[in-house]
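Quick notes on the structure that follows.
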Amino acid sequence: MTTYFSEPQSMYYRFGEDQDQVLKVLAERYIGANAQADFVYRVFQKSGILQNEKGLYDLNLGKRFPDAPKDHISYAAALVWGDEDRNLDVLVRCYGPVRFYFNEQMVYRSTVMDEISPDATVKLSIDIKPGWNTIWLEMKNTPAGFGCQFGSDEGKVRILNVFAPFQERQGQAGWVFSQPNLAASKQPDLLGKESDVSLNWLPETGWSDVDKTKPAFERIFGNLTGKHAYAWTHLNNNDSTGNAVRLSGQSSGSLSIWISGKPVAQVKEAGPFEVNVPASFGRSDLLVRSEYDDTAGPWHLNLNATVSGKPLSLELPQRVHGANGESWLYVGPFESEVEPDLADLTRTDRVYQTGLELTYWRLDRPDAWIRPYYENAMLSNKWTVGSVTNYGRWDYPLGVTVYGLLRTGRYLQRPDITRYAAEHVQACTQMYEYSLWDREQYGFPAVNQQLVMLKMLDNCGSFGSAMLEAYSECHEPTFLPIAERIADFMLSRLERQEDGAFYRTCVGEYAENTMWADDLYMSTPFLVRYARVTGNSAALDEAARQFSLYRKYLFMPEFKIMSHVYDFKYGQATQIPWGRGNGWTLFSLTEVLEALPAEHPERPALIEFFNELCEGYAALQGESGLWHQVLNVPQTYEEASCTAMFAYGFARGVRFGWFKDPEVYVTAAERAWKGLICKAIDRQGNVHGVCSGSRYAFTAEYYDQDLRTVTNDNHGIGIMMLAGTEVAKMKKHLAEHRVSSPAVSHS
């Protein structure tokens, strides 16, 4: 095996057989490296460039400028931030002639075939550098079309967040684009001043001269008789004497005012007002409900706060990048009979029913909304994650990581660890309703991309399973509605073969018409937990049935292991037993067996299948205790994540009494764990030797040469914790029962 660190740096050298200490360091290193960072809120203008359902930014300038003369040119510009060096594949689909410059170097010039073929997609590789990177698109209008689509390949996984250039728009999200011009222009300094550039950039950030004369509520909502809206700010009370705060101003209708959630004043009539209210020292939420009265002129509200005659400052209640100078957020307008829950109004993880539609918080700027973005981790094409945090992201490798943290926290009796894991899940689910609304508004969601764009098991099964595992920790009310959606997708809408086996259609993609061993993990653990939480036994039956079906397609009887993929295009399995694909299989089978009642008709066959697989895996274990990347090809490198999964499966088989001959597997599990702490986990808790996310191939060389290992890859961290907890439980079980060869049990 490749040596990742010297022996004194290993976890075994430092802690020996002290599994509790190993698990503690693993969990604490992960949490320390992935702080609980919230979503980043930015100004976004809906009148700007939106994304389509594939996540591509749709710069269809022919629709925006239908009267643009032939050969006129428009430009689009954006910034991309890099925390570190990373590579990203981007796609370009041309409506007309396009030139693409990245960091001022031309990366692409369209060909005539790119421009006239409606389905032509060009994939380009760009190297993002630490700091700001610039994107500059030059697009010419022709009778064939005007503009392009642009974005990252697999946009729901490899997120490309773009930021507005120029100092005046600093912190805002989205592109700028120019009015068509006949004369060509060189790329300006995108970090400089917009006012220094002769081009007229859109979207406009300021109100027109006419709108500037209107009060805020009128220019945001219009004058709507009988409607009401809310404004929210932070009141900064720097007075320590305890004197009352005086709120004064003028309103075009009745007002209700709350401070820190408590009603403090009501103004029943339009006109000037002045009220004294209690307010604690420091920052407090100040919420105002304004109702429009059409007899009092335009819809307006002016409010000032003073204490002892000194003015108090107001500031945005949520940090919003790009909102310099703003102090209020606005939401509405609501129908007269609709009153949102007051407890929900001073938060940004909700959308609000106004009557017939939903809405969210916005600013006193043209078509400007606040929008949350997931900016914690920047993923490359190899799924590598650097020093930035993964907290708050919904994706399948993080599902197994969260599961590992939950189990480790319980085993160590560390509620801080389980709380961290549960709050990671809550950060996603509490934004779920918003993320659905975000997709409807902007074409593609800025958060929860994989959950919202639900199209395959990868998008929901792993993290959904972790979500239900976390349910016992927090009983978060947002979990179960999402679980219902995932269950409906798996049980009612997922693609199946005629015999009912899950598979991937993926029309037009590399994985078209295939079945992956991985998908047993992406489906059955969720179905097991869904059945447990809801009492839906059909979900558990489905999980058991899928194993019998997958065995028919993927089992390699000569080795008693699983092929990674069955390719229906060729009517055969690849016959390549990828380690982690087999690990997912065994891992998931133990989850199903643990849940199946003793009398379940599928149970005897699955117990037999479990023993067959474990016999095959045990025969291929290397002398170091680890398994190879391709299990039956010893020339491939030894890989850590599959090793952890086999240790996990063997230990559970011993503890639950599923083995005909358990002694072999006690030894194999212990050897695997020792191999991991000697060769794959260093004394700081860094995890090495985990292969990157896989596609598939009919050759072992792809898995060995193209799928290299990544340090602290999320495909491996959680499963190391799970393996450690299960091997420890196995040892405790054997010690307590004082039995070297427990009999087969069907419990």
Side-chain angles (χ1 to χ4, degrees), residues 38-48 50-51 53 55 156 161 173-174 217 220-222 224 227-233 258 261 285 287-290 316-323 326 328-375 392-394 425-454 467 476-486:
D38 195 6
F39 301 105
V40 176
Y41 290 80
R42 297 187 180 276
V43 176
F44 183 81
Q45 291 181 264
K46 190 179 176 183
S47 54
L50 306 183
Q51 291 170 275
E53 63 178 8
K156 67 183 178 182
N161 289 330
F217 275 81
I220 296 172
F221 302 118
L224 303 171
K227 300 290 182 72
H228 58 278
Y230 292 83
W232 175 28
T233 188
W258 296 264
D285 284 309
L287 183 69
V288 180
R289 180 190 186 277
S290 173
L316 285 179
Q318 170 69 53
R319 187 180 185 194
V320 181
H321 294 264
E326 303 287 339
W328 292 89
L329 296 177
Y330 301 87
V331 66
F334 294 88
E335 300 291 340
S336 58
E337 69 278 7
V338 176
E339 292 293 345
D341 187 342
L342 182 65
D344 280 349
L345 268 173
T346 51
R347 49 196 302 175
T348 55
D349 58 358
R350 294 288 187 272
V351 286
Y352 304 100
Q353 187 74 48
T354 63
L356 298 177
E357 59 185 24
L358 297 171
T359 193
Y360 189 62
W361 293 105
R362 59 190 302 178
L363 294 161
D364 182 15
R365 294 186 185 180
D367 210 15
W369 303 76
I370 71 167
R371 194 177 183 194
Y373 288 84
Y374 177 80
E375 295 180 8
R393 180 177 172 88
W394 177 293
V425 182
Q426 288 172 297
C428 300
T429 65
Q430 289 174 355
M431 291 296 289
Y432 177 61
E433 292 296 330
Y434 169 81
S435 60
L436 293 176
W437 180 85
D438 188 285
R439 178 187 59 177
E440 292 300 316
Q441 294 298 302
Y442 309 124
F444 193 81
V447 295
N448 286 335
Q449 289 90 348
Q450 295 186 59
L451 174 62
V452 173
M453 312 301 290
L454 185 57
M467 176 184 72
E476 167 62 45
T478 56
F479 286 4
L480 295 186
I482 295 173
E484 291 292 344
R485 180 175 183 237
I486 295 171

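Since the structure is predicted, the reported quantities are computational estimates derived from the model, not experimental observations.
- Only one option out of Trp369, Phe44, Tyr373 pairs with Tyr442 in a ring-ring contact (aromatic ring centres under 6.0 Å, His included); it is Phe44.
- The side-chain heavy atoms of Val338 and Thr354, taken from C-beta on, include no pair separated by under 4.5 Å.
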Before you tell me yes or no, could you show the steps for Phe444 and Val452 under side chain to side chain contact (heavy atoms under 4.5 Å, CB included), namely the whole-Å CA-CA distance, both residues' side-chain angles and the distance that decides it to 0.1 Å? CA-CA 9 Å; Phe444 193 81; Val452 173; over 6 Å; no
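- A 4.5 Å side-chain heavy-atom check between Tyr41 and Leu316 finds every atom pair outside the cut-off.
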Verdict with reasoning, Trp328 to Val288, per side chain to side chain contact (heavy atoms under 4.5 Å, CB included): CA-CA 10 Å; Trp328 292 89; Val288 180; 4.1 Å; yes
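- Residues Asp367 and Ser47 approach most closely at OD2-N, 3.0 Å, considering heavy atoms.
- Distance check, rounded to the nearest 0.5 Å: OG1 of Thr348 to CZ of Arg319 gives 14.0 Å.
- The aromatic rings of His228 and Tyr230 stand perpendicular to each other, their planes meeting at an angle above 60°, with 30° marking the opposite boundary.
- Atom CG of Asp285 is separated from atom CG of Leu345 by 10.5 Å, given to the nearest 0.5 angstrom.
- Nearest heavy-atom pair across Pro340 and Tyr352 is CB-CD2, 4.4 Å.
- By the 4.5 Å heavy-atom criterion applied to side chains, Thr429 and Trp394 are counted as neighbours.
- Using a 30° and 60° split on the angle between ring planes, Trp361 and Trp232 fall in the tilted class, from 30° to 60°.
- Considering CG of Asp349 and CG of Asp38, their distance stands at 9.0 Å, rounded to 0.5 Å.
- Nearest heavy atom pair, residue Pro372 against residue Ala446, reads O-CB, 3.2 Å.
- Closest non-hydrogen pair, Met467 versus Ala483, comes out as CE-N, 3.7 Å.
- For the pairing with Met431, the side-chain contact (heavy atoms from CB on, under 4.5 Å) check across Leu436, Asn448, Thr478 returns one residue only, Asn448.
- The aromatic rings of Tyr360 and Tyr434 sit tilted relative to each other, their planes meeting at an angle between 30° and 60°.
- In terms of heavy atoms, Ala229 sits closest to Phe217 at CB-CE2, 3.8 Å.
- Annotation for Leu329 and Pro317: closest pair CD1-CG, 3.9 Å, computed over non-hydrogen atoms.
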Evaluate the side chain to side chain contact (heavy atoms under 4.5 Å, CB included) criterion for residues Glu326 and Val320: first the C-alpha distance (whole Å), next the side-chain angles of each, then the deciding distance (0.1 Å), finally the verdict. CA-CA 9 Å; Glu326 303 287 339; Val320 181; over 6 Å; no
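- Here Arg289 contributes atom CZ and Leu342 contributes atom CG; the two are 11.5 Å apart, rounded to the nearest 0.5 Å.
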Kindly indicate, with the supporting measurements, whether the criterion side chain to side chain contact (heavy atoms under 4.5 Å, CB included) is fulfilled by Phe479 and Val425. CA-CA 9 Å; Phe479 286 4; Val425 182; 3.6 Å; yes
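- In terms of the salt bridge (charged side-chain N to carboxylate O under 4.0 Å, His left out) criterion, residue partners of Lys227 (sequence neighbours excluded) are, by chain and number, Glu335.
- Note that CD of Gln450 and OG of Ser435 are 12.5 Å apart. Values are rounded to the nearest 0.5 Å.
- Counting only heavy atoms from C-beta outward, the side chains of Lys46 and Arg362 never approach each other to under 4.5 Å.
- The salt bridge (charged side-chain N to carboxylate O under 4.0 Å, His left out) pairs that include a residue from residues 429-451 are Arg371-Asp438, where partners are two or more places apart or lie in different chains.
- With values rounded to the nearest 0.5 angstrom, Ile370 atom CD1 is found 13.0 Å from Tyr330 atom OH.
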